[in-house]
Amino acid sequence: MSRYLIQRIEENPEIALHLRTEIVGLEGDTRLGRVTWQDKTSGETSVHDIRHVFIMAGASPRTEWLRGCIALDNKGSSSPDGTLDTLADAPAWTLARSPQMLETSRPGVFAVGDARSGNVKRVASAVGEGAIAVHLVHRASAEL
Ligand SMILES: Cc1cc2nc3c(=O)[nH]c(=O)nc-3n(C[C@H](O)[C@H](O)[C@H](O)COP(=O)(O)OP(=O)(O)OC[C@H]3O[C@@H](n4cnc5c(N)ncnc54)[C@H](O)[C@@H]3O)c2cc1C
C-alpha cells in the first residue's frame, strides 16, 4: 500500500488499527455477520459483529520460480522474491544486439506489469506495457 494511504489510515480517528492481528474466522448465514480475529502478541481471540471485510492481497508478485532462469532484482520492489530486470539492467544479457524495452535477461522473454522491475503498480500501466510487449515480441521473434 502507498505510504500516503497508510498515513491517512493512521491519522483517521474513525479507524481502529489492530497491528499483529490475524483474521481467523468469518461467519454468517446468508451474509457475513461475525469476524473472529487473534491478537498474535497475546494469543487472545475475540469475535466481533462485522458485516464487511476488505482484503488487500496480491501486492507482491511471485517470481521465485524464475530464479536461475531470468535475472531478478530486489531494487525498489515490495516483493521478497524480486522482480524481473529489463533493459540494460539485466546483467546476464548474452546477444550482440541490445535488449529491447521490457525485454528480460532472456532474449525474447518480456516482463510487464507488477512482475517488472521498476513497475508503478497501476492497472493502466500494466495493460499498456502488455500492449507494447506484443509488438516487441513480434520484433524479437524476427531477430532471434
Ligand atoms: C489491494 C490492491 C489494490 C489495488 N488498487 C489499485 C487501484 O485502485 N488502481 C490501480 O491502477 N492499481 C491498483 N492496484 C495495482 C494493480 O492491481 C496492479 O498493478 C495490476 O493488477 C498489475 O497487473 P499484472 O497483470 O501485472 O498482475 P495481476 O493483475 O496480478 O495479474 C497476474 C495474473 O497472473 C496469474 N498468475 C500468477 N502466477 C501464475 C503462474 N505461475 N501461472 C499462471 N498464472 C499466474 C495471477 O493469478 C493473476 O491473475 C492494486 C493492487 C492491490 C494488490
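Whatever order the structure lists ligands and atoms in, that order sets their numbers, starting from 1. All of these numbers come straight from a predicted model, not from anything done at the bench. Residues: numbered from 1 along the sequence shown.
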Would you kindly confirm whether [X] and [Y] end up in one hydrophobic cluster when ILVMFWY residues are joined by side chain heavy atoms under 4.5 Å apart?
X	Y	result
F54	W37	no
V47	I50	no
M56	I23	no
V127	V134	no

Residue and atom name of the nearest protein heavy atom (relative to [atom]), distance in Å to one decimal:
atom	result
atom 23 (O) of ligand 1	A126 CB, 3.4 Å
atom 19 (O) of ligand 1	D114 OD1, 2.8 Å
atom 1 (C) of ligand 1	M56 CG, 3.3 Å
atom 16 (C) of ligand 1	V123 CG2, 3.8 Å
atom 9 (N) of ligand 1	R122 CD, 4.4 Å
atom 52 (C) of ligand 1	A57 O, 4.4 Å

Legend entry - Q38 side chain vs T21 backbone, donor-acceptor pair below 3.5 Å: no
Kindly state if [atom] has a protein heavy atom within a strict 4.0 Å cut-off, that is, under 4.0 Å?
atom	answer
atom 5 (N) of ligand 1	no
atom 12 (N) of ligand 1	yes
atom 47 (O) of ligand 1	no
atom 26 (O) of ligand 1	yes

Legend entry - Numbering as shown, the atoms of ligand 1 that approach G113 to under 4.0 Å (heavy-atom distance): 26 (O)
Legend entry - For K121, the ligand 1 atoms whose distance to one of its heavy atoms is below 4.0 Å: 12 (N), 15 (C), 19 (O)
Legend entry - Minimum side-chain heavy-atom gap F110-E129 below 4.5 Å: no
Legend entry - Salt bridge present between R3 and E10 (N-O < 4.0 angstrom): yes
Legend entry - Residue pair A111 / R116: nearest heavy atoms and the distance that separates them: O-CD, 3.4 Å
